[in-house]
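Lettering follows sequence order; numbering is per chain, from 1. Please read all numbers here as calculations on a predicted model, not as lab measurements.
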Amino acid sequence: MYEEMPKTYDPAVAEPEVLDKWLSGNYYGRRPGKGDCTVVIPPPNVTGKLHMGHALDDSIQDAIVREARMRGRSTQWILGTDHAGIATQTKVDKKLKSEGKNRLEMGRETFLDACWDWTHEYGGTIKEQIKRMGCSVDFDNERFTMDDDYAEAVRKVFCDWYHDGLIYRGKRIVNWCPNCTTAISDDEAEYENEHGHLWHLRYPLTEPVNGQDYIVVATTRPETMLGDTGVAVSPKDPEKAAFVGKTVMLPIVNREIPIFSDFHVDAGFGSGFVKVTPAHDPNDYAMGEAHGLEKINIFDEHAIVVDGYGEFSGMTRDECREAVVAWFEEHGLLDHIEDHEHSVMHCYRCDTTLEPWLSEQWFVAVDKLKGPAIEAVTSGRVRFNAERWKQSYLTWMENLKDWCISRQLWWGHRIPVFYCEDCGWEDALMEDTDVCPKCGGHHVHQDENVLDTWFSSQLWTFATQGWPQRPEGLEGHHPTTALVTARDIIALWVARMIMSSEYFLHEEPFHDVVIYPTILAKDGSRMSKSKGNGVDPMDLIDKYGADAMRFNLLSLFTANQDVKFDADIDKRTHEFKGSPRTEQARAFVTKIWNASRFLLMNMEGYEPGEPKAISDADARMFSRLAKQVKAVTEGIETYNFGEMVRNLQAFFWNEVCDWYVEVTKARLKLDDERLQAQRNLIFVLDTSLRLMHPLMPFVTEKIWDAMPASWLDVDPATGEAVRAEALMVAAWPEPEAYTQWIDEPAERAFELMRAVVTDVRSTRARYRISPKEQLRVVVRAHGDDAASAIGQMSGFAASLANASSVEVGLDLEKPEGSIALAGPDFDAYIVVGDLVDFAAERTRIEKAIKKAEKELAGAERTLANPGFVAKAAPEVVEAKRERAADLKAELDALTAQLVDFA
RNA sequence: GGGCGUUUGGCUCAGGGGUAGAGCACUUCCUUCACACGGAAGGGGUCGCUGGUUCAAAUCCAGCAACGCCCACCA
């Protein structure tokens, strides 16, 4: 028992021990149960480390899963990682470069081996970190998006969609990263505002219009003029109407290009003339399509100007821009330059400026997928928490455009489309082939592209559970319970999971989408590597323990869209200095430990038995406990962690430790009450530990190890105590089983006793009377209820207030040399002898009178308002009347007291 | 441009039509046999501004302001 409990709780020692117990006990995997709780972890990048977002995400999920497990549901928290195509390939590229190698020289096969090596080397990190947090994920069933069976699922999805006509190939403008040399999706592109210029260039007209022999176009990207194939004006711009149908002679390349009108053009911007470069701008592409313009690609895959443009060929975008501007200036065609701020797209991986680039890509047609995915949410089959995210999702979904899924990478799921060079046959296949099924030729090759990483992660809820090979694996476990994730991947991931699940399984992938707030740095800025203001969750665990970190993070989880994390980071070294709130959470962990330790020190002679209220102090404690059981259960199941966690802390610290344990100390010394007091205490402690376990699993488990069986462990049929192997698999306190304890009168009675104690304590503080000096206390109750409630607990009051006696009655006289404190329910007289400071008491009473008069005046004004009496709810009116009566009683008492101190 | 969020004591934030809350910080007292990572008692706010709805507004509505986020995007 308590001998096993060291005086101070050291998470660094205890947490690994507890972890061993859980892992060796095999509690993490799925067990049969009543009801299901399946949760998939949002797959972190295989190369990643846990960041604060993950730490919060995983704390929430673990709380959900642990509570469900204790409630007897069949739980599985599926662990897995994502191959993260671009991210991994970029890192492996970098590593190879540092070794003087490059992937083009080594070839695809060797490069993929290098990627696998990298994966194996770094893949374990995140798993260990998740383990260290205490997350009860199923470590024996780990998934990876590049596993063979997962790859088969990805391939099936591709082939099915290909054959169902949802996947097509086309030449489109895509966001091209010239550094990663791949297309990336719109969602992976990031806009950044940049200070640039608006160059006004003169394009000579082939024949003058209204006496003008040139027009001026305005552009932020003069280098793209080499690929211009038209000039557009706004149809709403009457001044430009005369130019429509004319042509200009494009300088440098001497191409005659038409002027036309198109709604894309804003007459008010720039010069009103827009140069149109269909191959290098999405809007221009659309205009080019509409007006049948040629699409001329002037850049290669590295954004170098291609051959055929003389001196400009071979230049980078920046060089070319400079050279083109210089050329225009030289030839007197540079009209003028304006400063101009505009947003520029950057690659989310390498931050290179993206080039809108015309290339052959694979797309998913989303028209057929959208409808069911929208319906899943509008019908309520998928609920967003907080609900406000529902609208973002629907808006995004409604504006969804076809999804570019091909990436010009090597690391990833290769597109399973095969081409015959002999007869032109093409098909998507589940099995590789090198023979053409149509002509029998041997010149068959596979598409070189790989799939967007999100294409594989969209299958996460079902491909991790055996789809399509073992559909029975999903039985009862899909849809999954909840998806807990960050709001920035609602579109990227959540939406696509819903689309694919609806398509292949005709059901939603999860019932609840829980969006947690973004964790910002202390000053409200984003945590980022470049700023060095990020916090490593492992630093928090090192310093405060996993429980403290989890508890603090959960207390931050409200419906807010972001929260500031109070960590101090050294500005120079980026070293983590501390987090006051986490420190406070650790203090709470210590508090739980010490309170438990105290109880276990007093368990001599204990035997398990039924908790019984032998006073209102017990009854009130059990009542508060019952309410807490309900609040915690509902809090977890409705994902209201912030509020629930704060209330639970206040409950345990204030109600259990500060009042109940203190009240009970005296009773542990009484032979005839000791056993029942022990039983009651253990019952309250055991229930509390179970409630706190999903939030702070380590310390609660560790304490539970040292605890004797409580009434919760007693089998009602046999009367035998049967303790579970571990708290994490012990039974949850079910709210219905606790409602019998709710006792409002006892709670009110206890408040009266508490008020007496507080009166004595504040008087003591005011008169600087040593806590060691016993005081005589007389309580004149204002009614039978108060008299009996306080009378019943006067022993407690005496011990808590260190009073020699607490005398309670209806008609007691104020003793000589006493201070009087008036309240609505009783007057308390505290005998301080000749210490009484008449002037000070007068001041205090006058202050109290003023306060009471002010409130009474307000209450009477309200009661005098006919509208209030007529329209307010009857119970509100009644409450107000009672309050007014109480205030009057208090005022009478105060006024009477004032006389004594005249 | 569209959408969203925030604005409450020195700090960080809860709450939410009917007498302003917590933690930290602050003041005073207490090392009494679970805990000083503790206990007790205190001080401190006209809940961003302006209107409106209501018997009653910090709370609901509208407008405004400041700050922040997301989406779209101007060649």
Which residue lies more 5' along RNA chain B, comparing Val757(A) with Glu643(A) via nearest heavy atoms: Glu643(A)
Toward the 5' end of RNA chain B, by each residue's nearest nucleotide, Arg581(A) or Thr8(A): Arg581(A)
Nearest whole Å is fine: how far is [N] [atom2] from [X] [atom1]?
{"X": "Tyr544(A)", "N": "rC37(B)", "atom1": "OH", "atom2": "C1'", "answer": "11 Å"}
{"X": "Asn283(A)", "N": "rC74(B)", "atom1": "CG", "atom2": "P", "answer": "5 Å"}
{"X": "Asp281(A)", "N": "rC74(B)", "atom1": "CG", "atom2": "P", "answer": "6 Å"}

Separation between the [atom1] atoms of [N] and [M], rounded to whole Å:
{"N": "rU7(B)", "M": "rG48(B)", "atom1": "C1'", "value": "6 Å"}
{"N": "rG15(B)", "M": "rU6(B)", "atom1": "C1'", "value": "15 Å"}
{"N": "rG39(B)", "M": "rC33(B)", "atom1": "P", "value": "15 Å"}
{"N": "rG10(B)", "M": "rU19(B)", "atom1": "C1'", "value": "26 Å"}
{"N": "rG23(B)", "M": "rC37(B)", "atom1": "C1'", "value": "14 Å"}
{"N": "rG42(B)", "M": "rA25(B)", "atom1": "C1'", "value": "14 Å"}
{"N": "rG1(B)", "M": "rC11(B)", "atom1": "P", "value": "33 Å"}
{"N": "rC47(B)", "M": "rA41(B)", "atom1": "P", "value": "28 Å"}

Of the nucleotides [options], which has the atom closest to the [X] side chain?
{"X": "Lys847(A)", "options": "rG43(B), rA75(B), rG68(B)", "result": "rG43(B)"}
{"X": "Arg487(A)", "options": "rU12(B), rC29(B), rC69(B)", "result": "rC69(B)"}
{"X": "Gln561(A)", "options": "rC4(B), rG18(B), rU6(B)", "result": "rC4(B)"}
{"X": "Arg761(A)", "options": "rA14(B), rG5(B), rA41(B)", "result": "rA41(B)"}
{"X": "Thr219(A)", "options": "rA75(B), rG18(B), rG68(B)", "result": "rA75(B)"}
{"X": "Val274(A)", "options": "rG68(B), rA75(B), rA41(B)", "result": "rA75(B)"}
{"X": "Val876(A)", "options": "rC69(B), rG18(B), rC4(B)", "result": "rG18(B)"}

Full working for ring pair (Phe, Tyr, Trp, His ring centres under 6.0 Å) between Phe384(A) and Trp389(A): CA-CA 6 Å; Phe384(A) 277 86; Trp389(A) 301 113; 8.5 Å; no
Worked verdict on Asn533(A) versus Ser525(A) for side chain to side chain donor-acceptor pair (under 3.5 Å): CA-CA 9 Å; Asn533(A) 60 351; Ser525(A) 63; 3.2 Å; yes
Atom pair CG/CZ of Leu201(A) and Phe328(A) - distance to nearest 0.5 Å: 4.5 Å
Please determine whether a side-chain nitrogen of the Lys or Arg among [X] and [Y] lies less than 4.0 Å from a carboxylate oxygen of the Asp or Glu.
{"X": "Lys850(A)", "Y": "Glu853(A)", "result": "no"}
{"X": "Glu289(A)", "Y": "Lys295(A)", "result": "yes"}
{"X": "Glu855(A)", "Y": "Arg883(A)", "result": "yes"}
{"X": "Asp566(A)", "Y": "Lys522(A)", "result": "no"}
{"X": "Lys888(A)", "Y": "Glu860(A)", "result": "yes"}

Within the sub-3.5 Å range, which N or O atoms of nucleotides 32-34 of chain B have a protein N or O partner, and how far apart are they?
{"unit_1": "rA34(B)", "atom_1": "O2'", "unit_2": "Asn594(A)", "atom_2": "OD1", "d": "3.3"}
{"unit_1": "rA34(B)", "atom_1": "O2'", "unit_2": "Arg597(A)", "atom_2": "NH1", "d": "3.0"}
{"unit_1": "rA34(B)", "atom_1": "N7", "unit_2": "Lys665(A)", "atom_2": "NZ", "d": "3.1"}
{"unit_1": "rA34(B)", "atom_1": "N6", "unit_2": "Glu662(A)", "atom_2": "OE2", "d": "2.8"}
{"unit_1": "rA34(B)", "atom_1": "N3", "unit_2": "Asn594(A)", "atom_2": "O", "d": "3.1"}
{"unit_1": "rA34(B)", "atom_1": "N3", "unit_2": "Ala595(A)", "atom_2": "N", "d": "3.2"}

Sugar-phosphate, base or nothing in reach of Thr277(A), heavy atoms under 4.0 Å: nothing
Sugar-phosphate only, base, or nothing, as touched by Thr590(A) at under 4.0 Å among non-hydrogen atoms: base
Heteroatom pairs (N/O) under 3.5 angstrom, protein to nucleotides 22-26 of chain B:
{"unit_1": "rG23(B)", "atom_1": "O2'", "unit_2": "Gln584(A)", "atom_2": "OE1", "d": "3.4"}

Phe652(A) and Phe588(A) aromatic ring geometry - parallel, tilted or perpendicular at 30°/60° bounds: perpendicular
Arg754(A) to Trp659(A), cation-pi by 6.0 Å centre distance and 45° axis angle: yes
Verdict with supporting geometry, Phe641(A) and Tyr516(A), ring pair (Phe, Tyr, Trp, His ring centres under 6.0 Å): CA-CA 10 Å; Phe641(A) 284 94; Tyr516(A) 58 79; over 10 Å; no
